[in-house]
**Q** 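I'd like to ask you about the structure that follows.
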Amino acid sequence: MMRGAGPMVRDRPWERIGISGANLPRACTFVLVLALAATLTGWALDFTARRTPSEPVRPVTVGNPAVRTQAADIAPIAYLFGALPGADGSNIKLVGVIAQGKRGQGVALLAVDGRPALALRAGAEIAVGVTLAEVRADRVLVSRSGAIQEIRIPAKPAPDGIVKVR
């Protein structure tokens, strides 16, 4: 079978540019080496070039001198990191107390923001910025950033059928 200018040339396009089948791998390697050299040269020039900044460098002031017109809402971001909505200690219920002495020491059972009750000692942090200041026999004192709030144990209603007489 003789190779000619017929359909065999269309099957092997490298023969049109004068490369034989034996030299095809060498030609491809040469082209790839040239492309690699051009790429490496471009990277080297980019990384070693000394560039001047387009605008002068200014010192950054500490704090934000611009006045904010509205507060940033961080609740969606806090929710992504596991914070519960409204878990800021704004809704604290006193379930029980174990008071020790007259100096406000003891343990209080507190339910914060609808979560299950936790036993906390006097001085423990309830939520961010909210601290259990004192534990007394019938109430606790909570410090919210320095402001003291009193929370009493809720009075239990009398069972059905019992009437309180005063």
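We use all heavy atoms of the structure for the numbers below, so side chains are in, but hydrogens, waters and symmetry mates are not.
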**Q** Give the table of side-chain donor-acceptor pairs shorter than 3.5 Å for residues 30-44, with sequence neighbours excluded, one pair per line with atom names and distance.
**A**
| from | atom 1 | to | atom 2 | distance (Å) |
| --- | --- | --- | --- | --- |
| Thr39 | OG1 | Ala35 | O | 2.9 |
| Thr41 | OG1 | Ala37 | O | 2.7 |

**Q** Could you grab the distance from atom CG of Leu110 to atom CZ of Arg115, nearest 0.5 Å is fine?
**A**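 Output value for this atom pair is 11.0 Å.
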**Q** For Arg139, enumerate each residue passing the side-chain hydrogen bond (donor to acceptor under 3.5 Å, both in side chains) test, keeping only those at least two apart in sequence or located in another chain.
**A**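 Arg139 satisfies side-chain hydrogen bond (donor to acceptor under 3.5 Å, both in side chains) with Glu150 only.
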**Q** Sequence neighbours left out, what passes side chain to side chain contact (heavy atoms under 4.5 Å, CB included) with Ile153? Give chain and number order.
**A**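 Residues passing side chain to side chain contact (heavy atoms under 4.5 Å, CB included) with Ile153: Leu94, Val97.
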**Q** Which residues end up grouped with Ile148 if you chain together Ile, Leu, Val, Met, Phe, Trp and Tyr wherever their side-chain heavy atoms are less than 4.5 Å apart?
**A**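 For the cluster that includes Ile148, the remaining residues are Leu141.
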**Q** Count the heavy atoms of every other residue, nucleotide or ligand shown that sit under 6.0 Å from CZ of Arg152, and state whether that count exceeds 12.
**A**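 Correct, the count exceeds 12.
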**Q** Would you be so kind as to tabulate the donor-acceptor pairs closer than 3.5 Å made by side chains of residues 123-137, with sequence neighbours excluded?
**A**
| from | atom 1 | to | atom 2 | distance (Å) |
| --- | --- | --- | --- | --- |
| Glu134 | OE1 | Arg136 | NE | 3.0 |
| Glu134 | OE1 | Arg136 | NH2 | 2.7 |

**Q** Only counting residues at least two apart or in another chain, list the ones meeting side chain to side chain contact (heavy atoms under 4.5 Å, CB included) with Ala111.
**A**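 In terms of side chain to side chain contact (heavy atoms under 4.5 Å, CB included), with neighbours along the sequence ignored, Ala111 is linked to Lys93, Val95, Ala117.
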